[in-house]
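Below: one structure, written as structure tokens.
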Amino acid sequence: MMILAFPTDIHPTSCDWRLVPRTMVFSNPFNGTRQTMSLPGAYWQAQLSFSNLSRDKGAELHALVSQLRGPSGRIQLWDHAFASPRGLAGGNAVVNGANQLGGQLNISGVTPSMRFLRLGDYCQIANQLVILTRDAMADSLGNCLLTFEAPLRYSPVNGSPIITQQASAVMMLKDDNQGGRRSSKRLVLSGLTLTFIEDVSQ
């Protein structure tokens, strides 16, 4: 399946990104106590709102939404509010070692003895977007340990790059009822709100 790219010259006026966990809660009807169980399959959800788009930008975005054909299409999407990390993100970071899974990843090739990423920064590992839950400090050899959510769904290939600029997830429209365009006939300006969810099969 072809994965579309979101235009780099169209920016939402507001965006709401959240990592949606999957949890089961069991309630005891006799004493009210609860037990919880965390399930795999956490996914990103993003709601992007656009307002006062020019006629050309509005038409471009409307065409893109039409091209997605509801939830059947896929698009590479990043959090526009945090497109760049707060950490240095220096060097050429790559996965260091095969068969790594879970919420931590060894990487190499980063600027030695510097803070590579900060708590709350995003990075992209293969097609998965993750958020750092601890600062990532490089040692004197440029090795570093990333700690993040959600845990890796697949083991990345050794040597594959770590993307820190416009780190993206593979997303799809939440349902078929997305992309209605609001226009001002007089000013020919457009606005719309789109909701995406992550395709966790990627």
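Excluded from the calculations below are hydrogen atoms, water molecules and symmetry mates; all remaining heavy atoms, backbone and side chain alike, are included.
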Worksheet item: Can you find a heavy atom in the side chain of Leu146 that is under 4.5 Å from one in the side chain of Cys123?
Response: yes
Worksheet entry | pair Leu105-Ile107: side-chain heavy atoms closer than 4.5 Å | yes
Discussion item. Within this structure, what is the CD1-CG distance for the pair Ile75 and Leu194, rounded to the nearest 0.5 Å?
Written reply: 9.0 Å
Discussion item. Pair Phe116, Leu88 - check side-chain contact (heavy atoms from CB on, under 4.5 Å), show working.
Written reply: CA-CA 5 Å; Phe116 178 63; Leu88 178 65; over 6 Å; no
Discussion item. To check you understand the geometry: which heavy-atom pair defines the closest contact between Asn127 and Arg153, and what is its length?
Written reply: O-NH2, 4.4 Å
Worksheet item: Do we see a donor-acceptor contact under 3.5 Å between the side chains of Thr147 and Gln104?
Response: yes
Fill in: Nearest-0.5 Å distance, OG of residue Ser201 to OH of residue Tyr43
14.5 Å
Worksheet item: Is a side-chain N or O of Ser160 found less than 3.5 angstrom from the main chain of Pro156, in a donor-acceptor match?
Response: no
Worksheet item: Distance only, no hydrogens: is a donor on one side chain within 3.5 Å (strictly under) of an acceptor on the other, for Thr36 and Thr23?
Response: no
Item to complete: Check Pro85 against Leu117 and note the closest heavy-atom contact, atom names and distance.
Response: CB-CD2, 3.6 Å
Fill in: Donor-acceptor pair, side chain of Ser49 and main chain of Thr13, under 3.5 angstrom
no
Response to the item:
Tyr122 meets the ring-ring contact (aromatic ring centres under 6.0 Å, His included) criterion, sequence neighbours left out, with Trp44
Worksheet item: Is a donor on one side and an acceptor on the other found under 3.5 Å between the side chain of Gln76 and the backbone of Leu4?
Response: no
Discussion item. Would the distance check show the side chain of Asp139 and the main-chain N or O of Asn143 forming a donor-acceptor pair, the cut-off being under 3.5 Å?
Written reply: yes
Fill in: side-chain contact (heavy atoms from CB on, under 4.5 Å) between Glu149 and Val130, intermediate numbers included
CA-CA 6 Å; Glu149 287 290 340; Val130 300; over 6 Å; no
Worksheet item: Is Pro151 close to Leu101 at the side-chain level, that is, under 4.5 Å between some pair of heavy atoms?
Response: no
Worksheet item: When rounded to the nearest 0.5 angstrom, what distance separates CG in Asp176 from OG in Ser72?
Response: 8.0 Å
Worksheet entry | More than 12 heavy atoms from other groups under 6.0 Å of CZ on Arg69 | no
Fill in: Flag side-chain contact, heavy atom, 4.5 Å: Ser113 against Ser140
yes
Discussion item. Using the salt bridge (Lys or Arg N to Asp or Glu O under 4.0 Å) definition, which of the options Arg118, Arg115, Arg86 pairs with Asp135?
Written reply: Arg115
Worksheet item: Can a salt bridge be assigned to the pair Glu198 and Arg74 using a cut-off of 4.0 Å between side-chain N and carboxylate O?
Response: no
Worksheet item: Just checking, is any N or O donor in the side chain of Ser54 or Asp56 under 3.5 Å from an acceptor N or O on the other one?
Response: no
Worksheet item: Any side-chain heavy atom of Ser108 within less than 4.5 Å of one from Val94?
Response: yes
Practice prompt. Dump the intermediate steps for side-chain contact (heavy atoms from CB on, under 4.5 Å) on Leu192 and Leu53, then the final yes or no.
Written response: CA-CA 9 Å; Leu192 71 162; Leu53 291 171; 4.1 Å; yes
Worksheet item: Side chains of Phe26 and Thr33: does their closest heavy-atom pair fall under 4.5 Å?
Response: no
Discussion item. Looking at Phe6, I want to see if its CZ is surrounded by more than 12 non-hydrogen atoms of other residues, nucleotides or ligands under 6.0 Å.
Written reply: yes
Worksheet entry | Partners passing salt bridge (charged side-chain N to carboxylate O under 4.0 Å, His left out) against Asp9 (at least two apart in sequence or in another chain) | Lys57
Item to complete: Starting at CZ of Phe196, measure out to CD of Gln178 and round the result to the nearest 0.5 Å.
Response: 7.5 Å
Worksheet item: Are any non-hydrogen side-chain atoms of Leu48 and Thr193 less than 4.5 angstrom apart?
Response: no
Worksheet item: Counting only heavy atoms not in Asn28, do more than 12 fall under 6.0 Å of its CG?
Response: yes
Worksheet item: Of the non-hydrogen atoms in Leu129 and Trp17, which two are nearest, and what is the gap between them?
Response: CD2-CZ3, 3.8 Å
Practice prompt. Supply the atom-to-atom distance Arg18 CZ to Ile197 CD1, rounded to the nearest 0.5 angstrom.
Written response: 13.5 Å
Response to the item:
Closest non-hydrogen atoms of Gly87 and Asp121, given as atom of the first, atom of the second and distance, are N-OD2, 3.0 Å
Worksheet entry | Closest heavy-atom pair and its distance - Ala42, Val200 | O-CG1, 3.7 Å
Considering only distance and modelled atom types, tabulate donor-acceptor pairs under 3.5 Å from the side chains of residues 164-174, sequence neighbours left out.
| from | atom 1 | to | atom 2 | distance (Å) |
| --- | --- | --- | --- | --- |
| Gln165 | OE1 | Ser84 | OG | 2.9 |
| Ser168 | OG | Gln166 | O | 2.7 |

Discussion item. Distance check, rounded to the nearest 0.5 Å: Leu145 atom CG versus Asn96 atom CG?
Written reply: 10.5 Å
Item to complete: Show the numbers, then the answer: is there a side-chain contact (heavy atoms from CB on, under 4.5 Å) between Ile163 and Trp78?
Response: CA-CA 11 Å; Ile163 298 172; Trp78 67 93; over 6 Å; no
Worksheet item: Out of curiosity, does Phe82 fall in the hydrophobic cluster containing Ile131 (side-chain heavy atoms, cut-off under 4.5 Å, transitive links)?
Response: yes
Worksheet item: Hey, are the side chains of Gln202 and Gln128 touching, using non-hydrogen atoms and a 4.5 Å cut-off?
Response: no
Discussion item. Students often mix this up, so state it plainly: with edges at 30° and 60°, are the rings of His11 and His80 parallel, tilted or perpendicular?
Written reply: perpendicular
Discussion item. Can you confirm whether the side chains of Thr195 and Gln47 place a donor and an acceptor under 3.5 Å from each other?
Written reply: yes
Fill in: Exercise: identify the closest heavy-atom pair between Asn158 and Ala98
CB-N, 4.1 Å
